[in-house]
Amino acid sequence: MATIILIRGNSGSGKTTVAKKLHQLLGSKSLLVSQDYIRRNMLHVKDKPGNLAINLIDSIIQYGIQNCNYIIVEGIFVKSIYENMLLNNLQRSNKSLSYYYDLSFEETIRRNNTKKLKKFSKVSMKNWFVPHDFLENKNEKIINEGITQFQMLNIILSDLDLNKLDINTFNKLKI
């Protein structure tokens with residue numbers, strides 16, 4: 001059985017970067033499930049109740065549970081749309097870790113502006129922003145504005161009972 005690592009939060013919070021770096025660290029037998037990639041690139045659907053991405057993400061996670069050691073699931077995953085699917089999958093796995101970036105809108109804008117590649121407009125980010133969108137999951141860890149990517153990766157590695165990352169290895173990770 002696999003371990004699911006769920007990383008949620010508003011656009012611009014840093015979840016995708018952390019997930020990609022974690023995927024590099026965990027290597028083979030790990031699966032990265034990115035909500036944006038599936039919803040936007042594979043299916044071209046809007047993030048609304050009943051969208052096609054929900055069932056596809058669910059199927060991919062179930063595949064990962066059967067075939068991988070780690071499934072990293074990352075995205076905004078608005079509670080009102082995705083909570084049932086996410087909680088069902090967290091219960092199906094051998095072990096699950098859940099993290100939610102609870103950042104202010106201003107902090108998501110600041111982080112978005114540090115991106116080298118595609119940045120989102122402030123207006124788009126404001127339209128997508130859902131504050132304090134916690135799951136009904138008592139194990140969901142809340143990540144605040146003071147946590148860096150380096151610290152976040154070490155929190156997850158520690159929760160997985162794996163060796164912590166040194167800063168030199170962190171700086172060599174590519175996304």
Side-chain angles (χ1 to χ4, degrees), residues 1-43 45-103 108 128-145 147-149 151-165 175:
M1 284 286 261
T3 298
I4 294 177
I5 304 152
L6 174 62
I7 306 171
R8 301 175 51 248
N10 282 294
S11 184
S13 61
K15 64 199 170 297
T16 302
T17 302
V18 166
K20 287 179 178 179
K21 289 182 178 188
L22 181 62
H23 189 229
Q24 280 184 331
L25 290 169
L26 296 176
S28 64
K29 297 291 275 184
S30 67
L31 174 66
L32 176 58
V33 182
S34 177
Q35 176 196 15
D36 277 353
Y37 188 83
I38 294 167
R39 190 179 60 75
R40 290 185 177 154
N41 298 72
M42 294 173 69
L43 295 172
V45 296
K46 299 280 185 196
D47 202 13
K48 60 182 184 177
N51 76 70
L52 290 174
I54 300 167
N55 287 336
L56 181 55
I57 292 167
D58 184 51
S59 295
I60 294 170
I61 294 170
Q62 289 180 46
Y63 171 87
I65 290 170
Q66 296 301 315
N67 295 285
C68 300
N69 294 331
Y70 301 102
I71 303 106
I72 305 159
V73 182
E74 72 84 16
I76 296 172
F77 289 116
V78 175
K79 174 184 174 177
S80 63
I81 299 173
Y82 295 92
E83 182 174 43
N84 289 339
M85 181 271 294
L86 291 171
L87 292 179
N88 286 338
N89 278 301
L90 292 175
Q91 291 173 355
R92 285 185 187 115
S93 66
N94 184 40
K95 180 177 181 178
S96 65
L97 304 173
S98 182
Y99 306 92
Y100 177 74
Y101 279 90
D102 188 30
L103 309 179
T108 63
W128 301 329
F129 191 79
V130 180
H132 316 301
D133 194 36
F134 311 119
L135 293 179
E136 298 298 322
N137 174 5
K138 65 180 189 268
N139 297 321
E140 185 171 57
K141 287 189 176 181
I142 308 306
I143 307 304
N144 64 38
E145 296 177 5
I147 302 294
T148 65
Q149 289 177 11
Q151 291 169 325
M152 185 63 201
L153 283 166
N154 276 319
I155 289 168
I156 297 169
L157 292 172
S158 177
D159 289 348
L160 289 169
D161 297 321
L162 298 174
N163 292 331
K164 288 194 172 186
L165 187 62
I175 58 162

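For the numbers below, each heavy atom of this structure counts, side chains included, while hydrogens, waters and symmetry mates do not.
Rounding to the nearest 0.5 angstrom, the gap separating the CE atom in M152 from the CD1 atom in I147 is 8.0 Å. Note that the NZ atom of K15 and the NZ atom of K20 stand 11.5 Å from one another [nearest 0.5 Å]. One finds the CG atom of L160 at 12.0 Å from the CD1 atom of I155 (value rounded to the nearest 0.5 Å). To the nearest 0.5 Å, atom CD of residue Q91 and atom CG of residue L86 are 11.5 Å apart.
The side-chain hydrogen bond (donor to acceptor under 3.5 Å, both in side chains) test applied to E83 returns no partner, not counting sequence neighbours.
Considering every non-hydrogen atom in both H23 and S30, the closest pair reads CD2-OG, 3.1 Å. When every heavy atom of R39 is checked against every heavy atom of D47, the shortest pair comes out as NH1-N, 3.5 Å. Scanning both residues, A2 and S93, for their nearest heavy atoms gives O-CB, 3.5 Å.
Between D159 and K141 there is a side-chain heavy-atom pair separated by less than 4.5 Å. Within the 4.5 Å cutoff, no side-chain heavy atoms of Y70 are placed close to those of K29. When side chains are defined from C-beta on, V18 counts as touching Y101, because their heavy atoms get closer than 4.5 Å.
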(message) Between L43 and I38, does the side chain to side chain contact (heavy atoms under 4.5 Å, CB included) criterion hold? Intermediate values first, please.
(response) CA-CA 6 Å; L43 295 172; I38 294 167; 4.3 Å; yes

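No side-chain N or O of Y100 forms a donor-acceptor pair with one of N137 less than 3.5 Å apart.
For N88, the CG atom sits in a packed shell: over 12 heavy atoms of surrounding residues, nucleotides or ligands are nearer than 6.0 Å.
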Tabulate below the donor-acceptor pairs under 3.5 Å that side-chain atoms of residues 48-65 make, not counting sequence neighbours, or state none.
unit_1	atom_1	unit_2	atom_2	d
N51	OD1	A53	N	2.8
N51	OD1	I54	N	3.4
N51	ND2	K48	O	2.9
N51	ND2	Y82	OH	3.2
D58	OD1	Q62	NE2	3.2
D58	OD1	N89	ND2	2.7
D58	OD2	Q62	NE2	2.8
S59	OG	N55	O	3.1

Residues 4-12 side chain polar contacts: donor-acceptor under 3.5 Å, at least two apart:
unit_1	atom_1	unit_2	atom_2	d
R8	NE	F77	O	3.2
R8	NH1	D133	O	3.2
R8	NH1	E140	OE2	2.8
R8	NH2	F77	O	3.2
R8	NH2	D133	O	2.6
R8	NH2	D133	OD2	3.2
N10	OD1	V130	N	2.9
N10	ND2	V130	O	3.0

